[in-house]
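Sequence lines set the chain letters: A, B, ... in the order given, protein chains first and strands last, and positions in each chain run from 1.
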There are 2 protein chains.
Amino acid sequence: MNQSVKAKALDRIDISILDTLQKEGRIANVDLAKKVNLSASPCIDRVKRLEKEGFIEGYGARLNSSKLGYGTAAFIQVTLDRTTSDVFDKFREAVVMIPQVAECHMVAGGFDYLLKLRLPNMEAYRSILAQIVDLPGVAQTHTYVVIEQVKNDRGLPLKHHADASTPPL
Amino acid sequence: MNQSVKAKALDRIDISILDTLQKEGRIANVDLAKKVNLSASPCIDRVKRLEKEGFIEGYGARLNSSKLGYGTAAFIQVTLDRTTSDVFDKFREAVVMIPQVAECHMVAGGFDYLLKLRLPNMEAYRSILAQIVDLPGVAQTHTYVVIEQVKNDRGLPLKHHADASTPPL
DNA sequence: GATTTAACCGTATATAATCTGGCATTAATG
DNA sequence: CATTAATGCCAGATTATATACGGTTAAATC
C-alpha cells in the first residue's frame with residue numbers, strides 16, 4: 001500500500017490541477033475550477049484528495065534569492081575517507097544541519113556526495129567551505145561556483161508525462 | 001533603482017512573513033496575521049508589497065516527484081567543444097527546451113555546465129543522455145546518478161540571515 | 001511643538017471556501 | 001437486461017476569509 005491512503009490513478013483533470021497548482025499555488029479554488037472545467041465543489045474535493053494521498057506535499061512562496069541575500073550558488077563534490085555506513089551516517093547527520101546547504105545528494109560515480117550551496121556572495125564561501133571540510137569523514141572536496149543560472153525549474157513537467165515509463169500509481 | 005518599485009528595507013515582520021509563506025504558501029491571511037502578530041489589513045498590505053517589489057515571485061505546490069513519475073535524479077557535467085559565446089548561446093537555447101532538465105548552471109571549474117535531470121527511472125536515462133550529447137557544441141559529458149536525497153531544501157534560511165554579509169536591500 | 005507621514009486597527013462589504021443534498025453517469029450485480 | 005450501488009458532478013446555502021475604508025496612534029520632519 002502506498003501513503004496510508006489507497007491512491008487511485010490520476011486522470012486528466014488531476015494532472016491539470018497539479019500542473020496548475022505547481023505554477024499558481026495560491027490560485028482561488030473558483031478559478032482553478034474554471035481552469036479545469038469543473039465546478040468548485042468537485043475541484044476542491046480533488047485538491048483535498050491529492051493532498052491527502054501525498055501527491056501534493058505542501059505549498060510555498062517562491063522567493064527571489066538574490067534580493068534576499070542568497071544570490072550566489074555553488075556545488076561541492078565531497079569524497080569521504082572511508083565508505084563504511086557509520087561514516088556516511090555521521091556525515092549526513094552533520095551536513096543537514098548547515099542551513100547554507102540547500103541540497104545534499106549521495107551519488108554514484110567519482111565521489112560520494114554532491115552539495116548545492118546558497119550564499120550571499122563569494123566572500124561567504126570561505127567560511128562555509130571551512131565548515132564542510134571539517135565535517136566528519138570528509139577526505140576531499142571540489143567546488144564549482146555557479147556563474148549563471150541558465151535554467152531552474154521548480155516544477156515537474158507533468159504534461160510531458162503522458163507517454164511511456166512509470167505511470168503515476 | 002531596483003525592480004520598478006522603490007524597495008524599502010525589510011523589517012522583522014517582513015522576514016517572518018516571507019519565512020512563513022515559503023513554508024506554508026497557502027496559509028490564510030488571517031492566520032498569517034496572527035502568526036506575525038498583526039491584524040489582517042496590514043498583513044495583507046505587506047504581502048502585496050512584497051509581491052510587488054519582487055521579493056515574492058510566486059507561489060507553487062510542492063509535488064511528490066516519486067509518486068508522479070520522477071523518482072530518479074541525475075547530474076550531468078557538460079563540457080563544450082569551444083568556449084566561444086555563440087557556442088554557449090546555442091547550447092543554452094537548446095538545453096532549456098528539454099523538460100527533463102530541471103536545472104542548468106554555467107559553472108567555473110573543470111567543465112562548463114552542470115545539469116540536473118529528473119527522470120522516471122534509470123531506463124529513461126539512456127534516451128535523455130542521447131539528447132544531451134546531441135546538443136550543439138557538446139564535447140563530453142559525465143553523469144552522476146543520485147542514490148539518495150539526503151537534503152533538498154526548497155526554502156531560503158531567512159532566520160539565519162540576521163548577521164553579516166549582503167543585507168536584504 | 002505643529003505637521004506630515006507611515007503603520008496599524010476595527011468594521012463593513014465583497015468574495016471565496018465549504019457543506020449539504022440531489023442528479024446523472026457508470027459499473028457492478030442479480 | 002433490469003436493478004442497485006458507487007462515483008462524480010452541480011447548485012444553492014452557510015460560514016469564513018479577503019479586501020476596502022475610515023479613523024487612531026506614533027514617529028519623523030520641519
Side-chain angles (χ1 to χ4, degrees), chain A residues 1-63 67-68 158 162 167-169, chain B residues 1-63 67-68 158 162 167-169:
Chain A
M1 194 60 37
N2 251 350
Q3 227 77 10
S4 77
V5 185
K6 58 282 178 90
K8 300 188 49 179
L10 301 179
D11 63 14
R12 201 166 299 102
I13 299 179
D14 290 321
I15 298 293
S16 184
I17 288 174
L18 291 174
D19 193 48
T20 303
L21 282 179
Q22 83 176 338
K23 290 167 188 155
E24 302 174 61
R26 243 186 128 102
I27 189 175
N29 182 59
V30 195
D31 298 329
L32 176 61
K34 266 177 218 151
K35 196 158 199 166
V36 302
N37 299 313
L38 236 54
S39 71
S41 321
C43 185
I44 204 170
D45 285 347
R46 279 170 180 265
V47 172
K48 289 284 151 64
R49 177 171 60 82
L50 291 168
E51 290 170 353
K52 186 175 303 190
E53 290 176 353
F55 293 100
I56 299 173
E57 295 177 339
Y59 301 88
R62 285 187 291 268
L63 305 185
K67 300 190 74 165
L68 290 165
L158 298 180
L169 224 299
Chain B
M1 193 60 39
N2 250 352
Q3 227 75 10
S4 78
V5 184
K6 58 282 177 89
K8 300 186 48 179
L10 300 180
D11 63 15
R12 202 166 298 103
I13 298 179
D14 291 321
I15 297 294
S16 184
I17 288 175
L18 292 174
D19 192 48
T20 302
L21 282 179
Q22 83 175 338
K23 289 167 189 154
E24 301 173 61
R26 244 188 127 98
I27 189 175
N29 181 59
V30 193
D31 298 330
L32 177 61
K34 267 176 219 151
K35 195 158 199 165
V36 302
N37 299 314
L38 235 56
S39 71
S41 323
C43 184
I44 205 170
D45 285 348
R46 279 170 181 264
V47 172
K48 287 286 150 63
R49 177 171 58 84
L50 291 168
E51 290 170 356
K52 187 176 300 189
E53 290 175 354
F55 292 100
I56 297 173
E57 295 178 338
Y59 301 87
R62 287 186 290 266
L63 305 185
K67 301 191 74 164
L68 291 166
L158 298 180
L169 224 300

- Task: May I have the distance from D45(B) (atom CG) to dA20(D) (atom C1'), rounded to whole angstrom?
- Result: 10 Å
- Rounded to the Å, how far apart are I13(A) CD1 and dG8(D) C1'? 9 Å
- Over how many whole Å does the gap from L32(B) atom CG to dT19(D) atom C1' extend? 15 Å
- Item | Distance-only donor-acceptor check, side chains E51(B) and Y59(B), under 3.5 Å | yes
- Message: So, taking the atom named CG in L21(B) and the one named CG in L50(B), what distance separates them when rounded to the nearest 0.5 Å?
- Response: 8.0 Å
- Query: Salt bridge between K67(A) and E53(B), side-chain N to carboxylate O under 4.0 Å?
  - Reply: no
- Task: Give a yes or no on whether a salt bridge exists between R46(A) and D11(A), defined as a side-chain N under 4.0 angstrom from a carboxylate O.
- Result: yes
- Give, for atom CZ of R26(A) and atom CG of D31(A), the distance between the pair rounded to the nearest 0.5 Å. 13.5 Å
- Message: Taking the nucleotide of DNA chain D with the nearest heavy atom to each, does D11(A) or S41(B) sit closer to the 5' end?
- Response: D11(A)
- Note on the structure: Which of dC9(C), dA18(D), dT18(C) is nearest the side chain of I44(B)? It is dA18(D)
- Task: Round to a whole Å and report the spacing from CG of D31(A) to C1' of dA16(C).
- Result: 9 Å
- Closest to the P42(A) side chain: dA16(C), dC9(D), dT20(C)? dC9(D)
- Item | Separation between CG of L68(A) and CZ of F55(B), rounded to the nearest 0.5 Å | 6.0 Å
- Grab the NZ-C1' distance between K34(B) and dA18(D) for me, whole Å please. 14 Å
- To the nearest angstrom, how far is D14(A) atom CG from dT7(D) atom P? 15 Å
- Charged N-O contact under 4.0 Å between D45(B) and R49(B): no
- Kindly calculate the angle separating the two end axes of the helix from dG1(C)-dC30(D) to dG30(C)-dC1(D), each obtained from five base pairs, and round it to 10 degrees. 30°
- Message: Can you see if the side chain of R46(B) gets near the phosphate of dC8(C) - specifically, an N or O under 4.0 Å from OP1 or OP2?
- Response: yes
- Task: State which of dA18(D), dC10(D), dA20(D) makes the closest approach to the side chain of L38(A).
- Result: dC10(D)
- Look at the side-chain N and O atoms of K48(B) and state whether any lies under 4.0 Å from the OP1 or OP2 oxygen of dA18(D). no
- Testing dT11(C), dA18(D), dA17(C) for proximity to the side chain of N29(A), the answer is dA17(C)
- Item | Nearest-Å distance for atom pair CD1/P, residues I27(B) and dA16(D) | 17 Å
- Task: Write down the distance between CD1 (I17(A)) and P (dG8(D)), rounded to a whole number of angstrom.
- Result: 12 Å
- Message: By nearest atom, which of the nucleotides dA18(D), dC9(C), dA16(C) is closest to the S39(B) side chain?
- Response: dC9(C)
